[in-house]
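Here the structure is laid out as structure tokens; the discussion comes afterwards.
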Amino acid sequence: MGMKIQYCFAVIALILAGCGTTNVDPNVEGGPDGTIAYQVPVDASEPGARIEVNGESLGVTPMTLKIFGDRDGTFHNFGSYEFLVRAYPPGAARPAQTKIFHTGVLMGSEDKIPRKIYFDFGPKPSTSPP
């Protein structure tokens, strides 16, 4: 009977060891806290819109954002309830547009990382005199 118990423990140990490993795609870039990198294109109805992420200016459209998120495709909480992407239209002083994504802190909602982020500034303001 002792041999059967040892065999059962060995089988359980192998099963548990298999559960702890994950198939990691070598082409996927890893990030902090077990996250992975998602490449998200950002564009706007007017090229050259300045893009800020969480208050940091990162470039102008069209561009690609690298977002480190959870393996299930959702935003990771790096200490903030929200992930903010803001676009400032080029040229004339017009209001910025902001996209807000929730990071799932505590029992809060958790948004999926979009495949693309697009800002539509509508028609360009008229520059000709009335």
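Every heavy atom of this structure was used, including side-chain atoms; hydrogens, water molecules and symmetry mates were not.
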### Query
Should Asp111 and Phe83 be marked as a side-chain contact (heavy atoms from CB on, under 4.5 Å) after you check the CA-CA gap, both sets of side-chain angles, and the distance that decides it?
CA-CA 10 Å; Asp111 291 330; Phe83 185 90; over 6 Å; no
### Message
Looking at Thr103 and Ser80, would you say the former's side chain and the latter's main chain have a donor-acceptor pair under 3.5 Å?
### Response
yes
#### Entry: Of all pairs that satisfy ring-ring contact (aromatic ring centres under 6.0 Å, His included), the ones with a partner from residues 95-122, not counting sequence neighbours
Phe75-Phe101
### Message
Once side chain to side chain donor-acceptor pair (under 3.5 Å) is applied, do any residues pair with Glu82, and if so which ones, sequence neighbours excluded?
### Response
none
### Query
Under 3.5 Å, side chain of Asp72 to main-chain N/O of Thr74, donor-acceptor pair present?
yes
### Message
Tell me whether Val53 shares a hydrophobic cluster with Ile113, the cluster being built from Ile, Leu, Val, Met, Phe, Trp, Tyr side chains joined at under 4.5 Å.
### Response
yes
Acceptor/donor pairs from residues 37-44 side chains to any protein atom, 3.5 angstrom cut, sequence neighbours excluded:
unit_1: Tyr38; atom_1: OH; unit_2: Asp70; atom_2: O; d: 2.6
unit_1: Tyr38; atom_1: OH; unit_2: Gly73; atom_2: N; d: 3.2

#### Entry: Closest heavy-atom pair and its distance - Pro32, Phe78
CG-CE2, 3.8 Å
## Note on the structure
Between Arg94 and Pro89, the two heavy atoms sitting closest are NH2-CB, 3.5 Å
Sequence neighbours left out, cut at 3.5 Å: what donor-acceptor pairs do the side chains of residues 56-65 make with other protein atoms?
unit_1: Thr61; atom_1: OG1; unit_2: Gly48; atom_2: N; d: 3.2
unit_1: Thr61; atom_1: OG1; unit_2: Ala49; atom_2: N; d: 3.1

#### Entry: Interatomic distance, Ile67 atom CD1 to His76 atom NE2 [nearest 0.5 angstrom]
13.5 Å
### Task
Would you please name every residue forming a side chain to side chain donor-acceptor pair (under 3.5 Å) with Lys66, sequence neighbours left out?
Glu29
### Query
Listed by chain and number, what are the side chain to side chain donor-acceptor pair (under 3.5 Å) partners of Glu52, not counting sequence neighbours?
Arg50, Tyr88
